[in-house]
Colleague: 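Have a look at this one before I ask anything.
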Amino acid sequence: MRRSRLERSAIYAIAAAFTFFAAFPVLWALNISLKFERDIITRHISLLPIPATLTNYIAIWTQSNLPDLMWNSAVATFFTVVICVFAGTLGAYSLSRLQFRGRKNVLLFFLILRMFPVVLMIIPLFIIMRQAGLLDTRIGLALAYTAFLLPIFIWMMKGFFDAIPIELEEAARIDGCTRLGAMWRVILPLVRGGLWACAVFIGIAAWNEYLFALMLTTSSGSRTWPVGLQLMVGEFQLPWGALSAGGILSILPVLALFAVVQRSMVRGLAQGAVKG
Amino acid sequence: MSRSLATRIAGISDTKAWPWLLLAPSLLLVFAVIIYPTISGIDLSFRQMRLNRMDLGIGYVGLRHYLALLDDPIFWISLQNTAVWVFGTVALELACGLVIAVALDYELPGMRVMSVIILLPWFLPLVVAGNIWALMLDSRLGVINAALQGLGVIEGFKAWFADPDWALPAAILVETWHGFPFFGLLLMAGLKGIPSELYEAAAVDGAGFWHRFIHIQLPGLRMIIVATVVLRAISLMNSPELLLILTGGGPGRSTQVLSLYAFQKAYREFNFGYAGALSVVMFLLLMTCSWLYVRYSNALRED
């Protein structure tokens, strides 16, 4: 298609403006995290951290409990991903590949579950977890996370299963494979990429989660980093430089994982959300 | 032994129970952590339940909480703020998402990298996003204040989140930053699905940018726009996180939304019964949206 130079320039300008809008806050946090405190608390705001320092990173890592908080988050995230991958992959496979009565209703059921109000669940979950001795534990938190992540996982994963031609499985069955054999040896290896993407998506969401963690953790033994960092902002009034450093450190895993599987994760999201 | 187990499972896999067996772990989980809590949450809304006043017992109080709701001015303010918050944010995000999707659909050199960067805010934690923006809008050190003052838009540094007129719009801006990539992502995927013959035919007719947008792209995206708008409205209604981080509902009640009010009733005042009633109201609102979604999107088509 032929496009005028003016049109191209205008489009570039728009795209660049949005890229700037999206990236600037993160770059700004990076900038603040590398500055000395005296260069932060000033009205002469400089756009670059000159002179730069790593003091803030060292301070937040050694003088706060951020490492413990991040470890708690990592453990809760790990359990969440394991639970979702195990239960969700089997469920999504069933909903995508098998024909049975009630399939469509189950699918609809999982769709509507995604829209249940979180606050309505949080209150009884608090009571249930307390009775079960799971309040303020990382496994309890992981179970709560599956409440809002498992339905999304199943819908995303179903999209990846749907993309595999049904003939492959039929061929395997004709060759004498049982249904289990066909699933385990033929289909699962083919969705590996999608599985990674969905797992990472679930992992990022669990790592970032704030509300459940705020309600369901009460001590530093299981408190996750978003809750801990917010406490540092509100109650302990930590200096901005150290807080920014903490924020940057805690989004590093997100950035790394996002960079690795971004392409297939985007595809999975598009399929799982609207099935365009 | 493990071999015999595998053979036994393989045997079961050819029975009628197999699909349900595979679904069992998921169904079990969602019944335990979604269905059961939701039902007991609805039950709670008809009970007296104050965690800090357990001497009052947990007996049924009928519709008392619901009647109290009707006389609670904060409930009505929250409802109103929720409407502004959801409509304002969705409208802004959709507009930004549309613009960026159409722009990136040109696929000019360098745009792949741009699209990855633009997607990033969607994956960032709200705790970090909220606090970065709080810092940028800070009344003493905020870079946005400095920029606006430099441009002559404002006279002095402004405490955006301390001004009842500006707190909600400022929060909407922050949420838009976080959420517009969601629209951009899905609309971009939708644009890829529009057959190129349509563009070619329009080009033959000498159609310009506007014609393409109004007569090809917008109609082609209709279903996706419906779906994304409803989904996003649901998630905005549902999550009080950003407002909890930025303002806690203040100043005054200017950023108090329904989900936040319910959460605070439970988290701060331990009034689980009343919080339950507030959540049930949300439940009804959300289920209306969800009905709209199922009815008007093609989420279940071809299944």
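All of these numbers come straight from a predicted model, not from anything done at the bench. Order of the sequence lines fixes the chain letters, A, B, ..., with proteins taken first and strands second; residue numbering starts at 1 for each chain.
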Colleague: Is there a side chain to side chain contact (heavy atoms under 4.5 Å, CB included) between A:L150 and B:S26 once you walk through the steps?
Modeller: CA-CA 8 Å; A:L150 186 60; B:S26 300; 4.0 Å; yes
Colleague: Can you say whether B:I132 sits under 4.5 Å from chain A via the side chain, the backbone, both, or neither, judging by heavy atoms?
Modeller: side chain
Colleague: Please tabulate, one pair per line, all N/O donor-acceptor pairs under 3.5 Å involving side-chain atoms of residues 117-132 of chain A, not counting sequence neighbours.
Modeller:
none

Colleague: Tell me, please, which residues at least two apart from A:R185 pass side chain to side chain donor-acceptor pair (under 3.5 Å).
Modeller: none
Colleague: Please classify the contact between B:L44 and chain A as side chain, backbone, both or neither, with a heavy-atom cut-off of under 4.5 Å.
Modeller: side chain
Colleague: Please classify the contact of A:F110 with chain B as side chain, backbone, both or neither, using a heavy-atom distance under 4.5 Å.
Modeller: side chain
Colleague: Taking the six-membered ring for Trp, are B:Y106 and A:Y12 ring centroids under 6.0 Å apart?
Modeller: no
Colleague: Under 4.5 Å from any heavy atom of chain B, what part of A:I251 do you find: side chain, backbone, both or neither?
Modeller: side chain
Colleague: Any donor-acceptor pair under 3.5 Å linking the side chain of A:N208 with the backbone of B:F123?
Modeller: yes
Colleague: Sub-3.5 Å donor-acceptor pair from the side chain of A:W240 to the main-chain atoms of B:L135, do we have one?
Modeller: no
Colleague: Counting only heavy atoms closer than 4.5 Å, note whether A:A16 contacts chain B via side chain, backbone, both or neither.
Modeller: both
Colleague: Using atom types as modelled and distance alone, determine if a side-chain donor or acceptor of A:W28 lies under 3.5 Å from a backbone N or O of B:M136.
Modeller: no
Colleague: Mind checking whether B:F283 and A:F116 have parallel, tilted or perpendicular rings, split at 30° and 60°?
Modeller: perpendicular
Colleague: Got a salt bridge between A:E7 and B:R212, using NZ or NE/NH1/NH2 to carboxylate O under 4.0 Å?
Modeller: yes
Colleague: Could you walk me through whether A:F258 and B:L124 satisfy the side chain to side chain contact (heavy atoms under 4.5 Å, CB included) test, starting with their C-alpha distance in whole Å, then the side-chain angles of each, then the deciding distance to 0.1 Å, before giving a yes or no?
Modeller: CA-CA 10 Å; A:F258 177 70; B:L124 290 186; over 6 Å; no
Colleague: At a heavy-atom separation under 4.5 Å, does A:L143 approach chain B through its side chain, its backbone, both, or neither?
Modeller: both
Colleague: Which bit of A:I112 comes within less than 4.5 Å of chain B, counting heavy atoms only: side chain, backbone, both or neither?
Modeller: both
Colleague: Is it the side chain or the backbone of B:I234 that comes within 4.5 Å of chain A heavy atoms, both, or neither?
Modeller: side chain
Colleague: Checking heavy atoms, do the side chain of B:W133, its backbone, both or neither come under 4.5 Å from chain A?
Modeller: side chain
Colleague: Where on A:T89 is there a heavy atom nearer than 4.5 Å to chain B: the side chain, the backbone, both, or neither?
Modeller: neither
Colleague: Non-hydrogen atoms of chain A under 4.5 Å away: do they reach the side chain of B:M237, the backbone, both or neither?
Modeller: neither
